[in-house]
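FYI, the numbering just counts along the sequence from 1. Please read all numbers here as calculations on a predicted model, not as lab measurements.
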Amino acid sequence: MSALNSFFYYRDNQLMAENVTLESIAKQYGTPSYVYSRAAFEQHWKDLDQAFASHPHLICYAVKANSNIAVLNVLAKLGSGFDIVSQGELERVLLAQGDPSNVVFSGLGKQAQEIKRALEVGIRCFNIESESEVDLINQCAIEMNCVAPVSVRVNPDVDPKTHPYISTGLKENKFGLPFESALSVYQKILQCSNLKAIGVDCHIGSQLTQLEPFQDALNRMLGLVNELLAIGVNIEHFDFGGGLGVCYQNETAPSANEYAQMILDKVKGRDFEIVLEPGRSIAANAGVFLTQVQFLKDNGDKHFAVVDGAMNDLIRPSLYSAWQDIIPLTKENNTNSIEYDVVGPVCESGDFLGKNRELAIQSGDYLAVLSAGAYGFAMSSNYNSRNRPIEIMVDGEQVHVIRKRESYADQFALESIIN
């Protein structure tokens, strides 16, 4: 199964983004570059929103997946909420005209100034991830003479059956509070003068392609909800996090409707709102990464395609051996292919975009790395003093630059020498 879809597809042997050829974008704006489809972002969000239409719910897009302000604005216009993990992400949501009252603040290292800023703008809820955080948020709320709405992120100790780097629901993971500690932490919250417990939260990991881990977590969490109601915690919402997987190679992830039906069947008869924090499932297959072949290199039995994109631009393959499809922008018929490692110019042996890929290419050809809309540009860096790529959004036949290509002047602007 391919990650190509109705937004990125071949037409007359040319790879398209909606109604624009990606080669025309590569030639006009250069490479490396990220290209997104507005329609894809909108459709992926709507699919999830409509799947839960029969129950009160809020879809809070996980900003960390792709935090470009234009992307956030597209989703804000649909009525999306947002899941943030820093003040910087909050400021991006505000610039994108997102509604702060539909923002949930996750993350286990919130600082006092971040908490106060979130209270100042009136976010919906803090997802507490440690007992110490209870004291800090309460103190910040006292100083600001307000009541902070909170939820506790509970770690249900469920194996998400995903890569260990993106697993968050086991006891060995740093996130959330142990399931066994949840009641006592809520009891502590009930005693705090400036906190109000309004929900419960869990998130077990990312890129889940089976419903079973979700079901296991949901069963445990709903049992906890019953215990919380018994001690007087008014559960206004149940935040089930994100983690729904997407197709990168040959995965078959649950559809939005299958995922929603599983949850809705379990919560039938309960009147709390469902909050979700999807990131990857909305963003991943709404974007591609474009790069150009610089050289073809033959080391005997090994062939390398040296491209202008590198691990500083797209780190997922290097960081945790993530597989993303790599395909040419122009399909050549009846051309023999060779197995290449697609590597970048960064001075690291781990600098690769893909290994052992069958490609029929020449120097100067353009390639697209698919499924690059999530955790692509958001995780990019200036390693080797490389400028970060341009970001582009296609809307039908229109092409918009939503972040200009970084220049050396941009990169060095915050640095100075000393006398």
Side-chain angles (χ1 to χ4, degrees), residues 58 60-64 67 81-94 98-156 168-169 171 173-204 221 224-225 227-229 231-242 272-277 279:
L58 177 65
C60 290
Y61 170 73
V63 174
K64 67 176 182 174
S67 58
F82 296 94
D83 167 51
I84 64 167
V85 294
S86 71
Q87 182 181 340
E89 290 187 349
L90 174 60
E91 302 299 346
R92 284 181 172 273
V93 168
L94 296 174
D99 183 350
S101 69
N102 286 334
V103 169
V104 295
F105 197 157
S106 304
L108 72 166
K110 305 178 190 72
Q111 299 178 43
Q113 71 270 17
E114 296 181 302
I115 294 167
K116 290 179 179 179
R117 175 60 170 156
L119 288 170
E120 179 184 39
V121 301
I123 69 163
R124 168 181 284 251
C125 188
F126 294 92
N127 289 333
I128 288 176
E129 300 212 26
S130 68
E131 190 168 347
S132 299
E133 197 178 325
V134 174
D135 298 321
L136 179 58
I137 296 177
N138 187 54
Q139 183 58 41
C140 289
I142 290 171
E143 292 174 13
M144 296 190 67
N145 192 30
C146 65
V147 174
V150 299
S151 172
V152 174
R153 177 171 175 176
V154 180
N155 187 328
T168 62
K171 283 185 177 179
N173 302 132
K174 69 179 182 177
F175 299 97
L177 281 146
F179 191 86
E180 298 77 13
S181 304
L183 274 179
S184 63
V185 173
Y186 273 100
Q187 287 169 334
K188 180 175 181 175
I189 291 170
L190 291 174
Q191 296 169 1
C192 290
S193 60
N194 290 63
L195 298 184
K196 180 183 179 183
I198 65 168
V200 65
D201 170 51
C202 87
H203 174 63
I204 61 173
M221 294 300 297
L224 175 62
V225 168
E227 295 182 61
L228 293 174
L229 291 170
I231 65 169
V233 178
N234 182 24
I235 301 297
E236 298 177 15
H237 75 248
F238 177 82
D239 186 339
F240 198 43
F272 51 64
E273 182 180 37
I274 296 171
V275 176
L276 299 171
E277 302 169 1

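Residues Pro149 and Ile198 come closest through the heavy atom pair CB-CD1, 3.8 Å. In plain terms, the two heavy atoms of Ile128 and Leu177 that are nearest each other are O-CD1, 4.3 Å. Taking each heavy atom of Phe82 and Val93 in turn, the nearest pair found is CD1-CG1, 3.6 Å. The nearest pair of heavy atoms linking Glu277 to Ala62 is O-CB, 3.9 Å. The shortest heavy-atom contact between Asn127 and Ser106 is ND2-OG, 3.0 Å. Considering every non-hydrogen atom in both Asp201 and Gly241, the closest pair reads OD1-N, 4.4 Å.
For the ring pair (Phe, Tyr, Trp, His ring centres under 6.0 Å) test, no residue two or more places apart in sequence or in another chain qualifies with Tyr186.
Met221 contributes atom CE, which lies 9.5 Å from atom CG of Asn155 (distance to the nearest 0.5 angstrom). Taking CD1 of Ile274 as the reference point, atom CZ of Phe240 lies at 9.5 Å (rounded to 0.5 Å). To the nearest 0.5 angstrom, Cys140 atom SG is 10.5 Å from Gln111 atom CD. Rounding to the nearest 0.5 Å gives a distance of 9.0 Å between SG of Cys125 and CD of Glu236. Residue Cys202 holds its SG atom at 5.0 Å from CZ of Phe238, rounded to the nearest 0.5 Å. Atom CD1 in Ile115 sits 4.5 Å away from atom CD1 in Ile137 (nearest 0.5 Å).
In this structure the side chain of Phe272 reaches within 4.5 angstrom of the side chain of Val225, judged on heavy atoms. Residues Pro100 and Leu94 meet the side-chain proximity criterion, which asks for heavy atoms closer than 4.5 Å. For the pair Leu228 and Leu183, the minimum side-chain heavy-atom distance is below 4.5 Å.
Contact check on Asp135 versus Lys188 returns a salt bridge, with a Lys/Arg side-chain nitrogen under 4.0 Å from an Asp/Glu carboxylate oxygen. Salt bridge absent: Glu114 and Arg117 never bring a charged side-chain N and a carboxylate O closer than 4.0 Å. Comment: Glu133 does not engage Arg153 in a salt bridge, judged by the lack of any side-chain N to carboxylate O separation of less than 4.0 angstrom.
Formation of a donor-acceptor pair under 3.5 Å by the Ser184 side chain with backbone atoms of Ser181 is found in this model. Of the possible polar contacts, one joining the His203 side chain to the Gly242 backbone as a donor-acceptor pair under 3.5 Å is found. Checking side-chain atoms of Asn194 against main-chain N and O of Cys146 turns up a donor-acceptor pair under 3.5 Å.
Cation-pi geometry between Lys110 and Phe105 is met: the NZ or CZ atom falls under 6.0 Å from the ring centre, inside 45° of the normal.
Neither side chain, Gln191 nor Gln187, offers a donor N or O lying under 3.5 Å from an acceptor on the other.
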Requested in this report: Just do the side chain to side chain contact (heavy atoms under 4.5 Å, CB included) check on Asn138 and Ser193 with the steps written out, would you?
Outcome: CA-CA 7 Å; Asn138 187 54; Ser193 60; 4.2 Å; yes
